[in-house]
Amino acid sequence: MAMAFVDLAAQQARLKPRLDAAMQRVLAHGCYVQGPEVAELEQRLAARAGVAHCIACGSGTAALQLAQMGLGIGPGDEVIVPGFGFVASPESVALCGARPVYAEIEPGSLLLDPQGLEALITPRTRAIMPVSLFGQCADMQAINDLAERHALIVIEDAAQSFGARRHGRASCALSRVACTSFFPSKPLGCYGDGGALFTDDDDLAEQLRRLINHGDAGRYQHLQLGMNSRLDTLQAAILLVKLAVFDDEVAQRQGVAERYDALLDGLALDLPQRLPGNTSVHAQYTLQLEGRDEVAARLLEAGIPTAIHYPRPLYRQPAVADPSCRLPICEAACARVLSLPMHPYLESAQQRRVAEALQQALSP
Ligand SMILES: *Cc1c(COP(=O)(O)O)cnc(C)c1O
């Protein structure tokens, strides 16, 4: 059978009876929007992250936009984001009418580098948005300290990192507000779009509850503009089933990552680096190597699917471009990254096939 980059079918086979029952319960009670499963999921996710409030919403991108709307970030403001990553981070800034300002990453972990951030701060800067890329958090302590000195807000883009920890504390509990995604291929994914916001700030939480629902303060009192961005009850029911096996799946992902580390040790490539103090949920297993495109083509011929996360710096994406920006480490990363198949159900025999194909692809 062909190897999958992310095997959602294996997970579904494991959970099928439980998923079917959960979906049937929603069809039976009929509360398709803001039903009881949504509230239960929010409570469980908040408890798991160790945060006072979790507000489920329509997607990870919406969560990022809602966080900034809730904080009053808009035209004239600047938000610092890493120059390497997924477009949703700067896109959410631009959708709020603010300007994304791109910062350099650390070459080993590919995470936002706290060094050099201070030089980007201007009187317009309102927030810093570190992205917990590929399943692990950036140096949040250094970023929070800097933010505090300059009275800035930190918004964690935790779309790829729900379940990760840094020095024992959970991703989504490391900043004023954090946003995650339940896109199907994320470590905790549903069967459609979904996302959530996390905060300890009671006022902000109340504000976010209004914003996900057309700014409704109750009984059709629309005092401010909001969005229609709620998590479907069906998706919440699916997530509750998946949450029950999530710890187990994260442990399996860690096993897969460790096996890759051992199998690929000594090859002419850079293995993914984890920052000290981090526990990753391994959303991706992303190598860095020279001749990446050639190697990816040879792997594809050998039946090994790969992906390039991400092929160009965000400041070169026309939608969120900053033509004068140049960040050499971001650019080198775009030329060198290659993500290997990664999911909890990847078998060691499949990983050996990947390693052998990679070794052959690297030999002249
Ligand atoms: C997936 C992702 C998002 C967006 O989440 P959606 O639910 O797809 O809108 C944002 N940031 C990062 C880093 C992501 O990987």
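In this text the structure is predicted, and so the values were computed from the model without any measurement. Atoms within each ligand, like the ligands themselves, are counted from 1 in listed order.
Interface atoms of ligand 1 facing Ser59, defined by a heavy-atom separation under 4.0 Å, are 7 (O), 9 (O). Remark: ligand 1 atoms within the under-4.0 Å shell around heavy atoms of Gln160 are 13 (C), 14 (C), 15 (O). Taking every non-hydrogen atom of Val131 and a distance limit under 4.0 Å, the qualifying atoms of ligand 1 come out as 13 (C). Near Gly60, the atoms of ligand 1 lying under 4.0 angstrom from a non-hydrogen atom of the residue are 5 (O), 6 (P), 7 (O), 9 (O).
Applying the 6.0 Å contact sphere to CD of Gln224 captures more than 12 heavy atoms from other residues, nucleotides or ligands. In this structure, Arg14 places its CZ atom where more than 12 heavy-atom neighbours from other residues, nucleotides or ligands lie under 6.0 Å away.
Geometrically, Lys242 does not engage Phe182 in a cation-pi contact, judged by NZ or CZ lying under 6.0 Å from the ring centre and within 45° of the ring axis.
In this structure, Gly194 is part of the shell of residues with a heavy atom less than 4.0 angstrom from ligand 1. The closest approach between a heavy atom of Asp193 and any atom of ligand 1 is not below 4.0 Å.
Here Ala88 has side-chain heavy atoms under 4.0 Å from ligand 1, and that is the only part of it that gets that close.
Ranking protein heavy atoms by distance to atom 1 (C) of ligand 1, first place goes to Lys186 NZ, 1.5 Å. For atom 11 (N) of ligand 1, the nearest protein heavy atom (residue, atom name, distance) is Asp157 OD2, 2.8 Å. Regarding atom 9 (O) of ligand 1, its nearest protein heavy-atom neighbour is Thr61 OG1, 2.5 Å.
Rounding to the nearest 0.5 Å places CE of Met140 at 4.5 Å from CD of Glu156.
For the side-chain contact (heavy atoms from CB on, under 4.5 Å) with Glu37, the qualifying choice from Leu240, Ile238, Leu231 is Leu240, the only one to do so.
Looking at heavy atoms from C-beta onward, Ser280 lies out of side-chain contact with Tyr285 at the 4.5 angstrom threshold.
Arg166 approaches Leu174 most closely through the heavy-atom pair CB-CD1, 4.2 Å.
Ligand 1 has no nitrogen or oxygen under 3.5 angstrom from a nitrogen or oxygen of Leu64.
Nearest to atom 12 (C) of ligand 1 by heavy-atom distance, out of Ser185, Cys57, Ala159, Ala196, is Ala159.
Of the possible polar contacts, one joining the Asp113 side chain to the Gln115 backbone as a donor-acceptor pair under 3.5 Å is found.
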